[in-house]
Amino acid sequence: MESGMISVDRWTAGSQAYFLTHLHADHTAGLSGAWRHGPLFCSRLTAKLIPCKFPGFDLSLLRIVDIGSWHSLSLTSPSSGSRVDFAFKAIDAQHCPGSVMYLFRGESGCTLHTGDFRWETSSLSTENGRAVLLDALKDQTLDTLYLDNTYCNPDYSFPPREVAAKQIVEIITSHPNDDIVIPIYSLGKEDLLLYISQALNMKIWVWPERLQIMHLLGFHENFTTQTSLTRVRAIPHYSFSSDTLKELNEFHGPTIGIMPSGMPWSVAWKDGNMSGGSASHVKKKECSRNTGSLGRNLESATKYYEVPYSTHSCYSEIQEFIELLRPVNIKGIVSSRSCYIDPRYYFGHLCGPEQALWRVQQKLDYEEGLRRAEVADIKPVTEYVTPVAGRKRKNDHIEFFGIRISRVSLLRRLSRGVRITESESLPE
DNA sequence: GCGATCAGGT
DNA sequence: CACACCTGATCGC
């Protein structure tokens with residue numbers, strides 16, 4: 001990529017093919033209804049959402065990438081003018097609706113771009129993704145892994161989403177008479193809301209634009225814009241703060257805030273907080289801040305929970321992902337504001353040419369084992385032998401050790417400053 | 001008046 | 001903390 005041929009989640013002119021992993025704003029900086037720099041490859045669901053996110057977008061530019069099958073692409077080398085053939089495949093990224101990773105196979109080797117992704121160890125989708133990736137890579141090394149390194153730090157530890165979803169349902173049922181507000185963004189966490197809706201057999205309120213998204217995603221029964229139908233509301237993230245929660249409590253009655261987020265969940269927070277169960281990650285806060293003016297409503301100490309429901313992989317999941325793939329090289333894709341952790345700071349020992357070959361060798365050994373097992377008429381092991389530790393490799397002079405500040409300014413510049421104008425049109 | 005970018009907020 | 005946004009100011013046209 002970056003050779004003037006393929007761009008992933010980058011929208012400046014000069015590429016021959018543009019790939020979109022998912023429709024969050026930090027991956028669409030530069031996209032707009034007027035964008036027309038070239039063909040845009042994305043998942044079917046993402047394509048469905050594009051007109052809503054970018055009104056006026058020229059839909060003839062869209063190239064739908066069906067998940068799981070190989071697609072081919074023929075481009076022209078900008079330097080030599082000769083033809084360059086690629087094959088690529090989309091894999092479910094489990095981050096938000098429509099989100100995918102892209103695996104590219106070309107003359108210059110294999111590249112995997114994860115976009116944002118969640119790699120929950122025991123989920124069926126991950127199991128499928130694992131098989132698809134290993135099968136797609138075959139005996140080749142993965143040359144470059146562009147990695148969602150949002151939580152690429154051992155301090156970040158949180159449970160699978162299902163666990164967090166159950167915690168949230170518990171919180172809601174333990175406050176049977178209170179209103180509940182759950183801050184969400186314009187796309188993502190639908191599975192959480194659906195889970196709550198089904199577990200409690202109630203509809204969930206969303207704002208009108210969000211209902212339109214829900215309908216596009218195929219959810220017709222579980223969401224409503226009628227306040228009177230439910231006590232559980234998913235509200236725009238930007239409209240939520242301790243002040244708004246306090247106001248809700250003062251003017252609308254008892255309201256609990258539940259923040260589903262992966263962010264503050266480092267191991268340092270795990271124990272010794274004021275939440276009931278010490279094993280639980282749930283953080284409960286009493287927001288009794290009283291910033292003047294209305295004052296003295298002592299009764300309105302509002303309840304606010306933070307629950308580790310994350311759409312990004314935690315550290316151990318990233319580790320497992322890298323141990324599976326053993327890439328030659330890893331590059332982080334996060335465009336964070338204040339710091340950039342090079343994935344090789346923690347995972348340098350899992351990449352490099354030797355490690356990549358190690359993976360291939362593992363696969364060959366595994367297949368050889370299967371063959372022998374068949375001959376010996378022994379039941380083959382159905383599970384993959386997951387590579388353990390294996391930190392033999394000495395890092396011979398990888399220069400990117402430690403925290404890199406200089407890259408940040410570059411990444412920031414690439415990802416800043418989108419304004420998504422919400423569709424004017426009404427639902428239906 | 002418009003889109004693109006930036007500053008600053010949740 | 002820093003997710004994935006938001007609003008509002010400013011720049012260039």
Side-chain angles (χ1 to χ4, degrees), chain A residues 9 11-13 21-37 49 52-57 93 95-99 115-118 148-158 161 164 181-190 192 206-207 209-210 213 234-248 257-270 273 281 283 285 287 289 291 304 306-315 332-341 403 408-409 411-422 424:
Chain A
D9 294 345
W11 308 104
T12 49
T21 62
H22 67 290
L23 269 175
H24 278 157
D26 51 340
H27 291 257
T28 54
L31 257 192
S32 72
W35 185 91
R36 45 182 71 254
H37 290 318
L49 295 169
C52 180
K53 288 273 177 185
F54 304 113
F57 189 90
H95 171 70
C96 70
S99 68
D116 288 346
F117 79 116
R118 178 99 201 238
D148 170 15
N149 56 325
T150 305
Y151 295 126
C152 191
N153 181 317
D155 286 349
Y156 287 113
S157 166
F158 38 74
R161 280 171 286 197
V181 290
I182 303 171
I184 56 166
Y185 295 113
S186 61
L187 184 65
K189 317 240 158 145
E190 292 77 11
L192 168 64
V206 291
W207 63 102
E209 294 84 355
R210 200 54 160 92
I213 302 273
I235 60 170
H237 196 284
Y238 62 86
S239 74
F240 179 81
S241 69
S242 61
D243 285 337
T244 54
L245 188 56
K246 202 178 150 204
E247 280 166 29
L248 283 171
I258 302 176
M259 177 72 80
S261 164
M263 234 179 340
W265 299 100
S266 61
V267 284
W269 299 78
K270 228 198 296 204
N273 62 54
H281 281 65
K283 281 199 299 177
K285 290 181 172 177
C287 313
R289 30 174 289 151
T291 39
Y304 167 56
E306 287 178 357
V307 184
Y309 189 98
S310 172
T311 56
H312 294 274
S313 301
C314 68
Y315 180 79
I333 60 163
V334 288
S335 45
S336 82
R337 282 182 163 74
S338 59
C339 72
Y340 172 85
I341 309 252
I403 298 164
V408 175
S409 55
L411 287 169
R412 282 176 66 182
R413 226 169 294 168
L414 295 173
S415 70
R416 242 182 339 211
V418 202
R419 230 186 339 255
I420 296 177
T421 35
E422 213 65 41
E424 298 275 74

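Throughout, protein chains are lettered first and strands after them, A, B, ... in sequence-line order, and every chain is numbered starting at 1.
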Open item on the list: Looking only at the side chain of S32(A) (C-beta and beyond, no hydrogens), which of the listed nucleotides dC5(C), dA4(C), dA4(B) gets closest?
Closed with: dA4(B)

TODO: Tell me which nucleotide among dA4(C), dT10(B), dA2(C) gets nearest to the side chain of T311(A).
DONE: dA4(C)

Open item on the list: What is the separation between atom CE on M259(A) and atom C1' on dC3(C), rounded to the nearest whole Å?
Closed with: 9 Å

TODO: Give a yes/no on whether any side-chain N or O of S261(A) is located under 4.0 angstrom from OP1 or OP2 of dC3(C).
DONE: no

Open item on the list: Within the structure provided, determine whether D116(A) and S99(A) are in side-chain contact (heavy-atom separation under 4.5 Å).
Closed with: no

Open item on the list: Students often get this wrong, so: under 4.0 angstrom with heavy atoms, is T150(A) touching a base, only sugar-phosphate, or nothing?
Closed with: sugar-phosphate

- [ ] Could you check how far CG of L49(A) sits from P of dA4(C), rounded to whole Å?
- [x] 16 Å

TODO: Provide, to the nearest angstrom, the distance between the CD1 atom belonging to I333(A) and the C1' atom belonging to dA2(C).
DONE: 16 Å

Task: H312(A) NE2 - dC1(C) P separation (whole Å) - done: 17 Å

- [ ] Report yes if at least one side-chain N or O of H237(A) is closer than 4.0 Å to OP1 or OP2 of dT7(C); otherwise report no.
- [x] no

Open item on the list: Tell me the interatomic distance from I213(A), atom CD1, to dC5(C), atom P, rounded to whole angstroms.
Closed with: 10 Å

- [ ] Would you please name every residue forming a side chain to side chain contact (heavy atoms under 4.5 Å, CB included) with T311(A), sequence neighbours left out?
- [x] H95(A), R161(A), K189(A)

TODO: Give a yes or no on whether the backbone of G188(A) and the side-chain of E190(A) come within a donor-acceptor separation of less than 3.5 Å.
DONE: yes

TODO: Give the rounded distance in Å between these two atoms: CG of N149(A) and C1' of dC1(C).
DONE: 16 Å

- [ ] Calculate the interatomic distance between F240(A) atom CZ and dC5(C) atom C1'; express it in whole Å.
- [x] 15 Å

TODO: Say whether S241(A) and D243(A), considering side chains only, have a donor N or O and an acceptor N or O under 3.5 Å apart.
DONE: no

TODO: Could you tell me whether H27(A) contacts a base, only the sugar-phosphate backbone, or nothing, with contacts defined as non-hydrogen atoms closer than 4.0 Å?
DONE: nothing

Task: Minimum-distance nucleotide (side-chain atoms of Y238(A) versus dA4(B), dA4(C), dC6(C)) - done: dC6(C)

Task: Residues that F57(A) engages under ring pair (Phe, Tyr, Trp, His ring centres under 6.0 Å), provided they are two or more places apart - done: none

Task: Nearest-Å distance for atom pair OH/P, residues Y315(A) and dC1(C) - done: 23 Å

Task: OP1 or OP2 of dC5(C) under 4.0 Å from side-chain N/O of H24(A) - done: yes

